[in-house]
Amino acid sequence: QVQLVESGGGLVQAGGSLRLSCTASGRALSDDAMGWFRQAPGKEREFVAAVSRRGFDTYYADSVKGRFTISRDNAKNTVYLQMNSLKPEDTAAYYCHATPGTFQSVSSGKFGFWGQGTQVTVSS
């Protein structure tokens with residue numbers, strides 16, 4: 001059974017930083033393109049960032065570009081999201097997503113596996 005577990009969320013002041021981690025069990029993440037999504041209260045889940053299987057390629061939502069960095073360590077079966085210069089509007093539950101589909105398809109979130117989420121709250 002595949003399980004993705006996110007960690008690293010918390011409460012931080014605006015301008016601060018957090019690093020989220022997503023570790024998998026039951027599956028080698030090197031088989032998957034990976035992404036991070038987020039969902040704020042009352043809003044739909046939205047794409048944040050994606051990384052290719054070997055970590056050489058990434059792409060980001062415009063709202064986080066230049067502030068967030070996605071990376072992966074396949075030896076540790078873990079994907080990271082470094083979040084800097086956090087803003088109150090970044091407040092959301094953040095979800096890890098693994099897809100056996102193409103790297104370009106990550107942002108659709110249409111099929112694959114999901115974690116349970118970790119809460120990030122940014123205070124002003």
Side-chain angles (χ1 to χ4, degrees):
Q1 183 178 354
V2 178
Q3 188 174 17
L4 302 178
V5 178
E6 301 95 336
S7 61
L11 174 64
V12 64
Q13 289 187 332
S17 297
L18 284 173
R19 189 175 82 154
L20 306 184
S21 299
C22 170
T23 301
S25 59
R27 184 176 180 88
L29 285 186
S30 57
D31 291 338
D32 298 323
M34 299 293 299
W36 287 93
F37 288 69
R38 66 187 182 186
Q39 188 169 18
K43 295 187 177 181
E44 293 187 354
R45 189 173 297 188
E46 65 175 0
F47 167 75
V48 173
V51 62
S52 58
R53 285 170 171 77
R54 296 179 66 187
F56 294 150
D57 297 301
T58 60
Y59 64 97
Y60 300 89
D62 288 343
S63 58
V64 306
K65 203 171 294 183
R67 299 188 298 122
F68 290 11
T69 302
I70 187 171
S71 61
R72 64 191 300 162
D73 185 339
N74 288 340
K76 295 182 178 180
N77 228 27
T78 300
V79 176
Y80 305 97
L81 185 68
Q82 178 67 44
M83 305 186 295
N84 298 329
S85 302
L86 282 161
K87 304 176 181 179
E89 51 264 44
D90 295 318
T91 295
Y94 282 72
Y95 297 89
C96 176
H97 175 59
T99 177
T102 65
F103 169 54
Q104 291 78 9
S105 74
V106 172
S107 60
S108 73
K110 287 186 176 179
F111 69 101
F113 309 96
W114 293 91
Q116 293 299 307
T118 185
Q119 179 67 35
V120 172
T121 303
V122 184
S123 63
S124 58

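Quick note: numbers below take in every heavy atom, side chains included, and nothing from hydrogens, waters or symmetry partners.
- Of all heavy-atom pairs spanning Ala98 and Met34, the tightest one is CB-SD, 3.3 Å.
- Evaluation of the salt bridge (charged side-chain N to carboxylate O under 4.0 Å, His left out) rule for Lys65 yields Asp62 as partners, not counting sequence neighbours.
- Put simply, Trp114 and Val79 are part of two different groups of oily side chains (I, L, V, M, F, W, Y) that touch within less than 4.5 Å, one to the next.
- Gln82 contributes atom CD, which lies 12.0 Å from atom CD1 of Ile70 (distance to the nearest 0.5 angstrom).
- In this structure Arg19 satisfies the salt bridge (charged side-chain N to carboxylate O under 4.0 Å, His left out) test with no other residue, sequence neighbours excluded.
- The line from CG of Leu4 to CG of Asn77 is 9.0 Å long, rounded to the nearest 0.5 Å.
- Hydrophobic clustering keeps Tyr59 apart from Val48 (ILVMFWY residues linked when any side-chain heavy atoms are closer than 4.5 Å, directly or through intermediates).
- Thr91 and Thr121 are not linked by any side-chain donor-acceptor pair at a separation below 3.5 angstrom, with hydrogens and angles left out of the test.
- Taking each heavy atom of Val106 and Ala50 in turn, the nearest pair found is CG1-CB, 3.6 Å.
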Let's go through Gln39 and Tyr95 carefully: what are the C-alpha distance in whole Å and the side-chain angles of both, what is the deciding distance for side chain to side chain contact (heavy atoms under 4.5 Å, CB included) to 0.1 Å, and is it a yes or a no?
CA-CA 8 Å; Gln39 188 169 18; Tyr95 297 89; 4.2 Å; yes
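- Hydrophobic cluster membership is shared by Leu20 and Phe68, with clusters built from Ile, Leu, Val, Met, Phe, Trp and Tyr side chains linked at under 4.5 angstrom.
- No path of Ile, Leu, Val, Met, Phe, Trp and Tyr side chains, each step under 4.5 Å between heavy atoms, connects Met83 with Phe37, placing them in separate hydrophobic clusters.
- Of the inter-residue distances, the one linking Gln13 atom CD with Leu86 atom CG reads 11.5 Å to the nearest 0.5 angstrom.
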Assess the residue pair Ser63 and Arg38 against the criterion (side chain to side chain contact (heavy atoms under 4.5 Å, CB included)); give the C-alpha distance rounded to whole Å, side-chain angles, the decisive distance to 0.1 Å, and a yes or no.
CA-CA 12 Å; Ser63 58; Arg38 66 187 182 186; 3.5 Å; yes
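- The main-chain N or O of Gly117 is found under 3.5 Å from a side-chain atom of Glu6 such that the two form a donor-acceptor pair.
- From Ser107, atom OG reaches atom NE2 of His97 across 9.0 Å, with rounding to the nearest 0.5 Å.
- The CZ atom of Phe103 sits 12.5 Å away from the CZ atom of Phe56 when rounded to the nearest 0.5 Å.
- At least one cation-pi condition fails for Arg27 and Phe113: the charged atom is not both under 6.0 angstrom from the six-membered ring centre and inside a 45 degree cone around its axis.
- Of all non-hydrogen atoms in Thr78 and Leu29, the two that sit nearest each other are N-CD1, 4.1 Å.
- The structure places OG1 of Thr69 at 8.0 Å from CG of Leu81, a figure rounded to the nearest 0.5 Å.
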What do the steps show when you test Arg67 against Tyr60 for side chain to side chain contact (heavy atoms under 4.5 Å, CB included), and what is the final call?
CA-CA 10 Å; Arg67 299 188 298 122; Tyr60 300 89; over 6 Å; no
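- For the pair Ala14 and Pro88, the tightest heavy-atom approach, listed with the atom from each and the gap, is CB-CD, 4.1 Å.
- A donor-acceptor pair is defined here as one N or O able to donate and one able to accept, closer than 3.5 Å; such a pair exists between the side chain of Asn74 and the backbone of Arg53.
- Here the closest heavy-atom approach between residue Thr102 and residue Ser105 is recorded as O-OG, 2.7 Å.
- Across every non-hydrogen atom of Ala33 and Gly101, the tightest pair is CB-O, 4.3 Å.
- Residue Gln116 places its CD atom among 12 or fewer non-hydrogen atoms of other residues, nucleotides or ligands, all under 6.0 Å distant.
- Hydrophobic clustering (side-chain heavy atoms under 4.5 Å, transitive across Ile, Leu, Val, Met, Phe, Trp, Tyr) keeps Tyr80 apart from Val120.
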